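This report refers to the structure that appears directly beneath it.
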Amino acid sequence: MLTVLESLQLSTEYLEKKGIESARLNAELLLAEILNCKRLDLYLKFDQPLKENEVDKYRELISRRGKFEPLQYITGKAEFFGLTFKVNSSVLIPRPETELMVEAIIERFKTADVLRILDIGTGSGNISVTLAKFLEKCFVTTIDTSDEIISLAKENAAQIGANANVNFIKAEMNSYSTDGVPFDLIVSNPPYVSMADYSETQREIREFEPATAVTDFGDGLTFYKLISSRLNNILKTGGSIYLEVGMGQAANVSAILQECGVRNINFIKDYQQIDRIVYGELK
Ligand code: GLN
């Protein structure tokens, strides 16, 4: 029977051969998933033999990862802002850059009174649910286009205990309108990869993440233009807007926002020193 250590070694070698980055880490995380333990606890179990059903299950997960399926879709979960979100291939896997946007909003509005927030593009619910969880006085409305996505995000809200102040609506951005009261804050991490760049994305993204969550099938700026053109209907005067943008898009997005009346525009850099978040206020 294979031990934990032997299984890790064989799987790491296999994933390396397939061209998976951080092969050992992936092998460890998948085995920890099967043994239902923390990754580092594996180091205390190196000599433990795996049961036959564990080996079978491990082989299956490693083979999926070897075909470039993202780890988070295999385990069915992703960490975001210290919270665990259930994910599947209908939603984008939450990214660390998006945590920076959420962090900036929480920091700025933590003492604010009732804040009505609109999050455009729910996905797993990472942005809306995290804001609802940490800004207790806020009320978040979030829109996305499919029942499957909304039901997953609702599940996450319930699991995380933030469902009381999030409202999920199935709607397209170009036809969505508020019930008359504009929002205090708009936030979005829209699909911003251009059609031209999409074919250059990692296999994990291109072959497994939903294309409609990643690319606008255009110049990458479609959603910024759409959101900006509707600001006067959905954001109150003096209200704030926070947008995540792709590499090299910050200046363009800033110009688009400016043209639609947004002022005091600023950028936040990501871990690679790329301008990643653009924010400002509607005059
Ligand atoms: N809000 C989700 C996220 O940031 C989904 C975004 C999207 O689908 N483009 O991950």
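Everything numeric here is computed off the predicted structure, so don't read it as measured data. Remember, it's 1-based here, ligands and their atoms both numbered in the order they're listed. All residue numbers in this chain count up from 1 along the given sequence.
In this structure, a donor-acceptor pair under 3.5 Å is absent between the side chains of Gln48 and Thr3. Checked by atom type, the side-chain pair Arg276/Thr98 shows no donor-acceptor distance below 3.5 Å. Side-chain contact annotation: Glu28 with Tyr43, donor-acceptor N/O pair under 3.5 Å present.
Between Ile127 and ligand 1, a contact under 3.5 Å exists for no N or O pair. When only interatomic distances are considered, the shortest N/O to N/O separation between Asn126 and ligand 1 falls below 3.5 Å. Between Asn189 and ligand 1, a contact under 3.5 Å exists for at least one N or O pair. For a threshold of 3.5 Å applied to N or O pairs, the pair formed by Ala213 and ligand 1 contains at least one separation below that value.
Under the 4.5 Å side-chain contact rule for hydrophobic residues, Ile105 and Ile143 do not share a cluster.
In terms of protein heavy-atom proximity, atom 1 (N) of ligand 1 is nearest to Gly121 O, 2.8 Å.
Against a heavy-atom cut-off of under 4.0 Å, Thr98 is close to the following atoms of ligand 1: 4 (O). Counting atoms of ligand 1 from 1 in the listed order, those under 4.0 Å from a heavy atom of Thr122 are 1 (N), 2 (C). Counting atoms of ligand 1 from 1 in the listed order, those under 4.0 Å from a heavy atom of Gly123 are 5 (C).
Between Tyr192 and Tyr224, the angle of the ring planes stays under 30°, which puts this pair in the parallel group of the 30/60° scheme. Between Tyr242 and Tyr279, the two ring planes are parallel [angle under 30°; tilted spans 30° to 60°].
Geometrically, Arg203 engages Phe68 in a cation-pi contact defined by less than 6.0 Å to the ring centre and at most 45° from the axis.
Heavy atoms of Val214 come nearer than 4.0 angstrom to ligand 1 in no pair at all.
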